[in-house]
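Notes follow the structure.
Just so it is clear, the values below take in all heavy atoms, side chains as well, and ignore hydrogens, waters and symmetry mates. Lettering follows sequence order; numbering is per chain, from 1.
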Amino acid sequence: MLNISEIRKQFPILSRKVNKTDLVYFDNGATTQKPQTVIDAVNNYYKDENSNVHRGVHFLSGLATDKFEETRDAIQQFIGAKHKHEIIFTKGTTDAINLVANGFRSLLNKGDEVIISELEHHSNIVPWQMCCDFTGATLKVIPLLDDGSLDMITFKKLLSENTKLVSVAHVSNALGTINPIEEIISNAHKVGAKVMIDGAQAASHIPLDMQKLGADLYCFSAHKMYGPTGVGVLYGTDKMLNALPPYQGGGEMIKEVSFEKTTYACLPHKFEAGTPNIAGVIAFKNAIEFITGLGVENIAKYEDELLQYATAEILKIEGVKIYGTAKHKSGIISFNIEGLHPYDIGMIVDKMGVAIRTGHHCTQPIMNKFNVPGTARISVAVYNTKEEIDVCINAINKAKMMLS
Amino acid sequence: MLNISEIRKQFPILSRKVNKTDLVYFDNGATTQKPQTVIDAVNNYYKDENSNVHRGVHFLSGLATDKFEETRDAIQQFIGAKHKHEIIFTKGTTDAINLVANGFRSLLNKGDEVIISELEHHSNIVPWQMCCDFTGATLKVIPLLDDGSLDMITFKKLLSENTKLVSVAHVSNALGTINPIEEIISNAHKVGAKVMIDGAQAASHIPLDMQKLGADLYCFSAHKMYGPTGVGVLYGTDKMLNALPPYQGGGEMIKEVSFEKTTYACLPHKFEAGTPNIAGVIAFKNAIEFITGLGVENIAKYEDELLQYATAEILKIEGVKIYGTAKHKSGIISFNIEGLHPYDIGMIVDKMGVAIRTGHHCTQPIMNKFNVPGTARISVAVYNTKEEIDVCINAINKAKMMLS
Amino acid sequence: METIQDIQGEIIEDFGMFDDWMQKYEYLIDLGKELAPIDKKHKTEDNLIKGCQSRVWLHAEHIDGKIIYTADSDAIMTKGIIAILISVLSGQTPASITDAKLDFINEIGLKEQLSPTRANGLVSMIKQMKIYALAYNN
Amino acid sequence: METIQDIQGEIIEDFGMFDDWMQKYEYLIDLGKELAPIDKKHKTEDNLIKGCQSRVWLHAEHIDGKIIYTADSDAIMTKGIIAILISVLSGQTPASITDAKLDFINEIGLKEQLSPTRANGLVSMIKQMKIYALAYNN
Ligand SMILES: Cc1ncc(COP(=O)(O)O)c(C=O)c1O
Ligand SMILES: Cc1ncc(COP(=O)(O)O)c(C=O)c1O
């Protein structure tokens, strides 16, 4: 059992006031808050350790490099990767997907097919549109069923020997759907396709084991898992990453540079050109430790309790409709109230200290599917409580009263 | 006159010990240390303001967005850009150059020429090699003269109507040479070529005014100018940036997404896909304020004093050779001592608390030109002192004694 | 016709009576509900100003040397703010509109809503209102 | 022939006598200077192990069931560390080399130099020494 009030104490922002009332933060799908250990790690880095990494022979450079690489080790362990060099640091999930989609420009040809789904975040749509535009490959889309789950029957029909890559979210940021990625991976592998999983909404909510899962590529963002902004991870199997050409050119990613011929460094450096977000990467380790300290299974279980409770409470609101009612869901609830615009709801509950997200959540195809301009979205993290859900529901009811 | 001892007090790391002696940090070309205001800004952000930017309607999201955009305003002012939307946030200089070099893939054709120089950092070489490989354009190289300055006569001969882009460093990170970029820009513009300037080693050392300078593109990294890691800026004229296609696909950079057709957002969002390094961007403003508070002219003048003093002292060492003796130099000194390997020197002075960089400084073509495996490099920042230079020279002399 | 400055003064006075955000928001909601509807034929793609969340339609006509604005939004709070902006600018001359300083925005505590970084389309709407005025000013 | 374990013990003892980094570094420099030179014909591109800063050449021969290493580097400190590694591993059997735990590295305070993140090529060198041993072990 998690001690939530102890956990809350580790997050300084949770005791701040917003509009003179206590902050109730339910915008965790956009970004989570940070525990003191993560904040301290950034602080200590700049106060005591700051130096550029790799290549330097002086003390601080060695220190920063060691700590930077310790985070790589921590991530390897956290996601059960086979090799340390399978962990690539990026700016975030978007950067990671673009790195891969750019690499697939040299692996795809006209006639090849890439499969994504209707519930993807724009970050897992646009790069593939650009890649297919470029290569002449065709983009196929797994449709959504009305409950917000993927139409797996159609998926299987879409698969063929032309399928070269399937890229889908582990968890939908707009609907909360947990996709059956094991099934997707095994089916895709049967036809020889590679699989990339966008784990932005999964990595601090669902236990991960890359070797068991068997995905060729998996990525996530630190800022959505209690870590700093500007850091992401691309995991790829040794084999897959070696098959991808380098993305950005620059320092650190080369073996030798001359104007005649440049040769590239090995993994992971091949994909890490330029000075990285050193402070962010180092502090990310503390976020991982925060998560593993609680146990991802425990977090998942607690968040599911919150999800069930919040769902039940929201359904009591007259005229409410929840988008995304699949059997396997993570702690995300998207909803609308008949006759009200989500923007108006968001504006009013904000005045009562409640932070929810409203809009299309960078998933316009989902909005089109459900024929709404946007939704209001509650997304939970481990520090949220049932009491906060009550405050939130009260605020929504008040907004509804004011707006009707 | 700058009060250096007051300035030093603002940098907590400068009072730390390394190997039981005071840290003497002369690796500023790799990354500078950070003043307390920058450290505090990151801290406060995570403690009190953290939220994802843009699109959110709740209080924290608005706060974070406003502060994020305030940095854009500050940079616009700092570099004298005409429009705010000409400031694009990137991960760093390397990211910025890759963004541009990727964009030029759609602007260049076989027969076109790109000119760089022999003194470029790998980050301003490799992306252009990749771009030219892709487009069939030809990469031309401005040679170095023996003093480490550009051969401007040859440069002018390289220019022709085939020249589509010239990309050169403002200041060489390995030699300290300040390139005559005004002359380069005006000559390049005469043949209709665009000009990109890699300002990584210039932005906190030389006053900048984009409108006067007339460069089409200019970029730099926050971490080399007293700011956080993982943040860079690409400046481009409105016209130039509009001519470049988007780089990464994702959230925020789109206007509308459907599977049939995706339309892109306006500047600057077109180039800012994904959640940015929000903490870093916000704290970057404090770094800019630190610099403008002192005055870039004053910094330049003081750093030049340090350069002159250090140069004179280094030249007293028997068997020393300085690489880069151009008339216009910034505070960077690369040197070797006859018969000694720079790595050995770096290792030993480190034990005396002195941090210098050794190696090829990601400029292998320069090393080839001077036929050395690497050099030892001292690079100064505004918090360095003549006393520190004395300590450094003593340490080098001691290393020399031990190694000879 | 009152001047833009006069109307702004009245609005500031109106808002001065509210004790808290709730009264202010309720007033905005009422204004939004009462906003004269835009003619259906002007609710076109061309007249659409896209913010990220609420959509705003703006139409302008030039009648007897004055500019008449009509507008709509799918969000009621946005509509409320539009109603205020229309009450200030609609019926004024092109010249006075282009010159107008809308300093009441700060004073009634709507600054946040009208910050250029907010994603509600209102800043673009003010810009568009002035562009229409400028066009008719020539 | 002494065992790897014995030699490591002696090295730890040697280093135990030093009071400060200077003595230790001077010793390393001396070892570097005294390192038996590698045969010129083995200083090839193939035998080059590239660290980022100092280059290391490593050659291995299999003689009478033992492996004889010779090596060189352009940096003298690196050469000193190489000399120690060679004194431990050269002349041993392939099996004992592949099994060797080089725990003396921690104890003599060279851990930093031999951290996998350091850019001096030494970690790759140890790896390469073991790979040779493994090859001859079959
Ligand atoms: C001249 C120059 N260009 C580019 C870079 C690359 O900058 P970053 O590593 O911040 O991307 C550097 C940094 O070493 C530099 O000195
Ligand atoms: C499912 C999903 N994919 C991708 C992203 C993009 O992540 P980032 O903005 O950190 O690059 C997000 C974040 O909103 C997301 O929820």
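Only the side chain of Leu60(A) comes within less than 4.5 Å of a heavy atom in chain B; its backbone stays farther off. Proximity to chain B is limited to the backbone of Thr90(A), based on heavy atoms less than 4.5 angstrom apart. Heavy-atom distances place the side chain of Val141(A), and not its backbone, under 4.5 Å from chain B. With a 4.5 angstrom heavy-atom cutoff, Met253(A) touches chain B only via side-chain atoms. Heavy-atom distances place the side chain of Asn19(A), and not its backbone, under 4.5 Å from chain B. For a residue to count as touching a neighbouring chain, one of its non-hydrogen atoms must lie under 4.5 Å from one of that chain's; by this rule Asp27(A) touches chain B with the side chain only.
Note that the CZ atom of Arg357(B) and the OG atom of Ser51(A) stand 6.0 Å from one another [nearest 0.5 Å]. Rounding to the nearest 0.5 Å gives a distance of 11.0 Å between CD of Gln129(B) and NZ of Lys261(A). Taken to the nearest 0.5 Å, the CD atom of Gln364(A) stands 11.5 Å off from the NZ atom of Lys255(B). Separation of atoms NZ (Lys91(B)) and OG1 (Thr275(A)) is listed at 10.5 Å; rounding is to 0.5 Å. Rounded to the nearest 0.5 angstrom, Met130(B) CE and Gln248(A) CD are separated by 8.5 Å. Remark: Ile39(B) CD1 to Tyr45(A) OH distance equals 11.0 Å, nearest 0.5 Å.
Ranked by non-hydrogen atom pairs under 4.5 Å with chain B, the options Lys47(A), Lys34(A), Gln33(A) are led by Lys47(A). Per-residue heavy-atom pair counts under 4.5 Å with chain B were compared for Val281(A), Thr229(A), Ile116(A), and the maximum is reached by Thr229(A). For the set Asn98(B), Ile278(B), Thr32(B), Ile125(B), the count of heavy-atom pairs under 4.5 angstrom toward chain A peaks at Asn98(B). Ranked by heavy-atom pairs under 4.5 Å with chain A, the first of Leu139(B), Thr363(B), Asn368(B), Ile356(B) is Ile356(B). The candidate from Gly280(A), Pro245(A), Gly353(A), Pro228(A) with the greatest count of non-hydrogen atom pairs under 4.5 Å with chain B is Pro228(A). Most heavy-atom pairs under 4.5 Å with chain B: of the set Val42(A), Val349(A), Ile97(A), Asp48(A), this distinction falls to Asp48(A). Considering only heavy-atom pairs separated by less than 4.5 Å from chain B, the leading option among Val18(A), Asn43(A), Leu14(A) is Asn43(A). Counting heavy-atom pairs closer than 4.5 Å to chain A, the top-ranked of the candidates Val354(B), Thr94(B), Asn277(B) is Asn277(B). Contacts with chain B were tallied for Pro246(A), Ala101(A), Gly274(A), Ser15(A); Gly274(A) has the most, counting heavy-atom pairs under 4.5 Å.
Among all heavy-atom pairs drawn from Gly249(B) and Pro127(A), the shortest one is O-CG, 3.4 Å. Nearest approach of Pro365(B) to Phe259(A), heavy atoms of both residues: CB-CE1, 3.6 Å. Minimum interatomic distance between Gly251(A) and Ser123(B) (heavy atoms only, all atoms of both residues): N-OG, 3.4 Å.
Using a 4.5 Å heavy-atom threshold, the side chains of Val57(A) and Asp350(B) count as separate. Residues His223(A) and Asn50(B) have side chains not in contact (no heavy-atom distance under 4.5 Å, counting atoms from C-beta outward). Here the side chains of Phe59(B) and Leu23(A) are not in contact, with every heavy-atom distance at 4.5 Å or above.
Between Tyr247(B) and Tyr247(A), the ring planes lie parallel to each other; the angle is under 30°, not in the 30° to 60° tilted range.
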